*Asks:* 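First the structure, which I've put down as structure tokens, then a few questions once you've had a look.
Keep in mind that this is a model prediction, so the values were computed, not measured. Every chain is numbered from 1, with letters handed out A, B, ... down the list of sequences.
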Amino acid sequence: MLRQFSVSQLKNPYMRDIIRKDIYGSVPCMKQIYFCDLPNYYNQTIELHGFVDKIRDLQFVQFVVLRDSSGKVQVTIEKNDELKKINDLVSKLTKESTVKVKGILYERPNVKLRGMELIPSEFVITSVAAEELPIDILDYTNKSNKELRLDNRFLDLRLEKNYLIFKAQTIAEAAMREYWTEHNFVEIHSPKILGTASESGAEVFKLDYFGRTVYLAQSPQFYKQMAMGAGFNNVFEIGPVFRAENSHTAYHATEFTSVDCELSWIDSHHDVMDLEEEVCKHVEKRLREKLGAELKDTFKIEFQEVLPAFPRIPFYEAKRIIEEKYHYVGEKEHDFDRKEEELIGKYALKEYHSEYVFVIDYPFAARPFYHMLDDSGLTKSFDLLYKGIEITTGAQREHRIEILEKQATIKGLPLDSIDFYLNFFRYGIPPHGGYGYGLTRFLMRLFDQESIRDVTFLYRGPNRVNP
RNA sequence: GGUCCGGUGGUGUAGUGGUUAACAUGCCAGUCUGUCACACUGGAGAUCGCGGGUUCAAUUCCCGUCCGGACCGCCA
């Protein structure tokens, strides 16, 4: 039956649904049916694959609730001689085992779980789970501590809400790629093994490389600027970065996914912010369109149809606002502490109804050497805060080599150590700027999770390198 | 890296200088006419993180150690 369709037809999701239906009418069983699609299959013989979510073994009937990544469904088996083989299998079944069940799906309004049940004719256990799990993965308790859940992350991720986080991550990333590819950006993959430490202000990991010391990339910074020098105009990269920071907080990791972009021919950092604002809004739009209902049900997330403009508050003005409105003075003169970040986020929400706020024009003392300075000696740079946490640092870069060298020297960076980087600026390079965006920090705040670990597939931190 | 807090059945907690170490949940067995966080009855399951000290006696008090968490600093 399948043979009459071409490969390209099968690859087209639109066609595939039509073909599915077509096949379904004539072939009694097909391979992979997602549980969310089950209402399309009433009174038909289907084969389901899933994890055993619950078993209720009563005197005359057995109920097995199956779960896949898209939902749950009840399988009902009467206890009688005809079904004895299946009854015996179910009796020794354990929760979280995987099974393959073939049977007829009926609409049953009296079944609380989705008003349907599958009456099986074949029941196969494809893998048996041990009797007791090392963590509690019931969605109504789920009370195991975090350490243990990280040790058994593969089980923790079986929770529906955890899967939803990664669906959202996929859509967020896809939305950014979509925006950029439609706006003449090119995706790059810069190396993560570096002969010279890259610049982000953070510490680097050293590793042995055939007897010499090399470094793990802290940021694609230098390479996305190289792409500017290569005439690529606009680039982006979504990839891992490594930070040897012994940070014990809920929002740091030693390895994380950084979303970076860089664009040419800008007039100031405001052009970079314009872009980032568009990208962020596009991400929210896609999340709302594709996952809005689920995110509202499970996480109570409400997306606004139209996001307000992100306010842009100069750094020193932000300091003044925090002092005047909230009577708080941070200890650091040239940067914000956590409390100031929270407060300026609060201020932006109150005054501008925006969960996002740009803080702009930081003093040079708080910024790396490659940020461009304006006439007053402040950097043409910005941070983007989302719900009171820094998710981005960006800037116009200094592309004039003499000034760049001078700024590196002021920061105490030996010029010969970054000579390969300075080279990018010696043979013509457009004015440019860009930003780095912490996807997990965004997701952590979006989902109102306690830690970056809750929205990371596998977290890596100072005390966590396994599993 | 700094400060503070914590480690008790599979899991989450309670508690105590001498206990049969409690409760919930999970697990196992049985009972139960369709459950749906099924219910009921019974059962198994803990050398109370590790090492040392004080004491007649330590899971409990003290010291050390390991592991973890929170906050701060560093940054995305």
*Asks:* For A:Ala250 and A:Asp57, find the nucleotide of RNA chain B closest to each by heavy atoms; which residue's nucleotide sits nearer the 5' end?
*Replies:*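 Closer to the 5' end of RNA chain B: A:Asp57.
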
*Asks:* Donor-acceptor pair under 3.5 Å: do we get one between A:His252's side chain and the base of B:C74?
*Replies:*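 Present.
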
*Asks:* Without decimals, in angstroms, what is the distance between A:Ile55 CD1 and B:G26 P?
*Replies:*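 Those two atoms, CD1 and P, are 13 Å apart.
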
*Asks:* Nearest to the side chain of A:Thr249, which nucleotide is it out of B:A76, B:C74, B:A70?
*Replies:*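 Among the listed nucleotides, the one closest to the side chain of A:Thr249 is B:C74.
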
*Asks:* Distance check, P atoms only: B:G10 and B:C48, in whole angstrom units.
*Replies:*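 These two P atoms come out 12 Å apart once rounded.
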
*Asks:* If you assign A:Arg464 and A:Phe256 each to the RNA chain B nucleotide with the nearest heavy atom, which residue ends up on the more 5' nucleotide?
*Replies:*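 Looking at RNA chain B, the more 5' nearest nucleotide goes with A:Arg464.
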
*Asks:* Has A:Arg108 got a side-chain N or O lying under 4.0 Å from the OP1 or OP2 atom of B:G34?
*Replies:*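 Answer no for this pair, as no side-chain N or O of A:Arg108 is under 4.0 Å from OP1 or OP2.
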
*Asks:* For the side chain of A:Glu131, counting heavy atoms from C-beta on, which of B:C27, B:U35, B:G68 is nearest?
*Replies:*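 Among B:C27, B:U35, B:G68, the one nearest the side chain of A:Glu131 is B:C27.
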
*Asks:* Which dot-bracket notation, 5' to 3', represents the base pairing of RNA chain B when pairs are defined as Watson-Crick or G-U with both distances under 3.5 Å, crossing pairs as [ ], and inter-strand pairs as |?
*Replies:* (((((((..((((....[...)))).(((((.......))))).....(((((..]....))))))))))))....

*Asks:* Between B:C75 and A:Arg441, counting only base atoms on the nucleotide and side-chain atoms on the residue, is there a donor-acceptor pair under 3.5 Å?
*Replies:*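 Present.
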
*Asks:* Generate the contact string for nucleotides 7-15 of chain B. Rules: B means base contact, S means sugar-phosphate contact only, - means no protein heavy atom under 4.0 Å.
*Replies:* ---BSS---

*Asks:* Looking at every strand, decide which applies to A:Gln74 at a 4.0 Å heavy-atom threshold: base, sugar-phosphate, or nothing.
*Replies:*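 It contacts base atoms.
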
*Asks:* Check this for me: does the side-chain of A:Glu117 come within 3.5 Å of the base of B:G34 through a donor and an acceptor?
*Replies:*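 Answer is yes: a donor-acceptor pair is held.
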
*Asks:* Between A:Thr45 and A:Lys102, is any pair of side-chain heavy atoms under 4.5 Å apart?
*Replies:*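 In contact.
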
*Asks:* According to a strict under-4.0 Å criterion, is A:Tyr251 in side-chain N/O contact with OP1 or OP2 of B:A70?
*Replies:*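 So the side chain of A:Tyr251 is outside the cut-off, no N or O lying under 4.0 Å from OP1 or OP2 of B:A70.
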
*Asks:* Over all strands shown, is A:Leu58 touching base, sugar-phosphate only, or nothing at heavy-atom distances under 4.0 angstrom?
*Replies:*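 Counting heavy atoms under 4.0 Å across all strands, the contact made by A:Leu58 includes a base.
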
*Asks:* Would you call A:Glu277 and A:Arg312 a salt bridge, taking side-chain N to carboxylate O under 4.0 Å as the test?
*Replies:*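 A salt bridge is present here (some side-chain N lies under 4.0 Å from a carboxylate O).
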
*Asks:* With rounding to whole Å, what would you report as the distance between B:U20 and B:U59 at their P atoms?
*Replies:*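 Going atom to atom, P in each nucleotide, I get 15 Å.
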
*Asks:* Starting at atom CG of A:Leu93, determine the distance to atom P of B:C27, rounded to an integer number of angstrom.
*Replies:*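 It is 12 Å, rounded to the nearest whole Å.
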
*Asks:* How close or far is atom P of B:G26 from atom CZ of A:Arg149, stated in whole angstroms?
*Replies:*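 Roughly 18 Å, once rounded to whole Å.
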
*Asks:* Please check the phosphate of B:C74 (OP1 and OP2 only) for any side-chain N or O of A:Lys332 closer than 4.0 Å.
*Replies:*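 Looking at the OP1 and OP2 atoms of B:C74, one of them is under 4.0 Å from a side-chain N or O of A:Lys332.
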
*Asks:* State whether A:Thr393 places a side-chain N or O below 4.0 Å from either non-bridging phosphate oxygen (OP1 or OP2) of B:A76.
*Replies:*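 Result: yes.
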
*Asks:* Between the base of B:C75 and the side chain of A:Ser247, is there a donor and acceptor pair under 3.5 angstrom?
*Replies:*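 Looking at the base of B:C75, it does not pair with any donor or acceptor on the side chain of A:Ser247 (distance under 3.5 Å).
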
*Asks:* Test of understanding: with side-chain hydrogen bond (donor to acceptor under 3.5 Å, both in side chains), list the residues that count as partners of A:Ser121, not counting sequence neighbours.
*Replies:*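 side-chain hydrogen bond (donor to acceptor under 3.5 Å, both in side chains) list for A:Ser121, sorted by chain: empty.
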
*Asks:* Could you tell me the separation between the CZ atom of A:Arg367 and the P atom of B:C74, rounded to a whole number of Å?
*Replies:*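 From A:Arg367 CZ to B:C74 P: 12 Å.
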
*Asks:* Roughly how many Å is it from CG in A:Asp383 to P in B:A76, rounded to a whole number?
*Replies:*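 Whole-Å distance recorded here is 7 Å.
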
